Amino acid sequence: MDWETLIPRIAKGVFYGVALLLAAGIVYGLTRLDYGVMVAYLDDLGRGALLTVELVAISVAVGFCIAVPTALLRASPRWWLSWPAYAYIFTFRGTPLLVQIFLVYYGLAQVDWVKDSFLWPYLREAYWCALIAFTLNTAAYTAEIFRGAIQAVPAGEIEAAKAIGMSKALMLRRVVLPRAFRICLPAYGNEIILMIKGSALASTITLLDLTGMARTVIARTYMPVEIFLAAGVIYFLLTFVFTRVFQRIEHRANRYLTAAR
Amino acid sequence: MKRLIAALAAVTVAAGLTVAAQAADKIRIGTEGAYPPFNQIDKDGKVVGFDIDIANALCAQMKAECTIVTQDWDGIIPGLLARKYDAIIASMSITDERKKAVDFTERYYSNSLRYIGKKGAGLTVEGLKGKAVGAQRGTIAALYLQDKMASTVSVKLYDTQENAYLDLASGRLDAVLGDMLVNYEWLNSDAGQGFDFFGDAFNRNDEIGIAVRKGEDDLRMKFNAAIKAIVADGTYAKINAKYFPFSIY
């Protein structure tokens, strides 16, 4: 037996050995966990999950409404329309969400005229600060996704719309936006999933979302593995359900493309 | 091939020696770095403060080589258990709840809890009903608020003590509950002008100790002996005087 046949065999053996050890380690670890503490604090974690869902749902919905006009501006051939939109998108895509949250929450609170303005009753609440930061952040990403989709609408379809004499507004409403929306669905779904997970940063400004609640429970129980594992499973379930629903929407919206197959 | 084996053997021996040397007299100490004047990061990025001075004095007494590791507060006990460091010197109160997870040395200082709020706002402990009160998550102040006050006041928990002060200054919080000595330091800072203590100090038997992993009695006893020694030889008093005009032992 020479080296050339032996080395792949050894490698294979090592690979399976390590995989087996790892699996055994995980199973052993899972049997050592205190499941009682997970159950005891499930109520709290559930309430946290509700806040997470609420924050994500509102910021994604409002973000969508900001993203559509921003994407149209961004796709405009006129520089004085596209530049401001680009600057906004670039700013929010170029900085971490955590920094944005801190700037909205701690930053604005340092400015006296903000504290004297009619906005302060809202800005003093961590809830509104998180919503503002999340919304502006997701709107910037979504706008860029939409912009790409708008520009990816096949030129032939736009020419066809022009050829039958559609006005610009009608063409936008009937052809460009519906087509762009269908094109961007997979990327848009991805952005919403990122938002679900990014919303964990709300916990840094006193909000008791799923992560905030988990950290507060851990501060009491000193059982980070159990509680974070439970929180992780809940996040997983949230994204799982969302992915399933989104798959349905995607399938329905693009039915006319898949039916022929 | 022979040379490779020799090199590997040399590396293994060297690694083994290093581990042995580490086990002898190297102690990694975990602290937070956001809790002035006890532990904070100075403008050069170094951890400084009362806890750090005490840690260094203890290590000098024990003739041990210490390295300081910083770790966020709410992960500081999990970090000790995960062996990222061997002891926590981070102004940690000795509580029954924590004793379930770690062992403590004798106290190296003592503290109490006291509220602070806007000066001249007529704040009282009884008058806090319906107001927003902040504390750092995972501290005994936070546990006190959650257990005793959550039904009457709006409790806000922060990642660091400094963030709680920021929100007190911005007006989001009506009061902060925290360690009296830490609050004392903040009231003396620029940001703390216009704020003051209110209500009496309570939880006076709050003792601060060094946490080690359960069962590491050897290290714990060494720390106990060193604490006794620096208190006796005046090193402690010298460090104390750097931070407070009164004894905090």
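All chains are named by letter (A, B, ...) in the order of the sequence lines, taking the proteins before the strands, and each is independently numbered beginning at 1. If you're wondering where the values come from, they're calculated on a predicted model, not measured in any experiment.
For B:Tyr115, there are no side-chain hydrogen bond (donor to acceptor under 3.5 Å, both in side chains) partners, not counting sequence neighbours.
Heavy atoms of A:Ile205 lying under 4.5 Å from chain B are absent altogether. Interface remark: B:Ala132 contributes no atoms to any contact with chain A (heavy atom separation under 4.5 Å). Heavy atoms of B:Leu157 lying under 4.5 Å from chain A belong to its backbone as well as its side chain.
Shown here is B:Phe202, whose CZ atom has more than 12 heavy atoms of other residues, nucleotides or ligands within 6.0 Å.
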Using only distance (under 3.5 Å, no hydrogens or angles), which donor-acceptor pairs connect chain A and chain B?
residue: B:Asp74; atom: OD2; partner: A:Arg215; partner atom: NE; Å: 2.9
residue: B:Asp74; atom: OD2; partner: A:Arg215; partner atom: NH2; Å: 2.8
residue: B:Arg98; atom: NE; partner: A:Tyr222; partner atom: OH; Å: 3.1
residue: B:Arg137; atom: NH1; partner: A:Gly212; partner atom: O; Å: 3.3
residue: B:Arg137; atom: NH1; partner: A:Thr216; partner atom: OG1; Å: 2.6
residue: B:Arg137; atom: NH2; partner: A:Ser203; partner atom: O; Å: 3.3
residue: B:Asp147; atom: OD1; partner: A:Arg220; partner atom: NH1; Å: 3.3
residue: B:Asp147; atom: OD1; partner: A:Arg220; partner atom: NH2; Å: 2.9
residue: B:Asp159; atom: OD1; partner: A:Arg215; partner atom: NH2; Å: 3.2
residue: B:Asp167; atom: OD2; partner: A:Tyr105; partner atom: OH; Å: 2.3
residue: B:Gly171; atom: O; partner: A:Arg124; partner atom: NH2; Å: 2.5
residue: B:Arg172; atom: O; partner: A:Arg124; partner atom: NH2; Å: 3.2
residue: B:Arg172; atom: NE; partner: A:Leu123; partner atom: O; Å: 3.4
residue: B:Arg172; atom: NE; partner: A:Arg124; partner atom: O; Å: 2.9
residue: B:Arg172; atom: NH1; partner: A:Tyr105; partner atom: O; Å: 2.9
residue: B:Arg172; atom: NH2; partner: A:Tyr105; partner atom: O; Å: 2.7
residue: B:Arg172; atom: NH2; partner: A:Leu123; partner atom: O; Å: 2.9

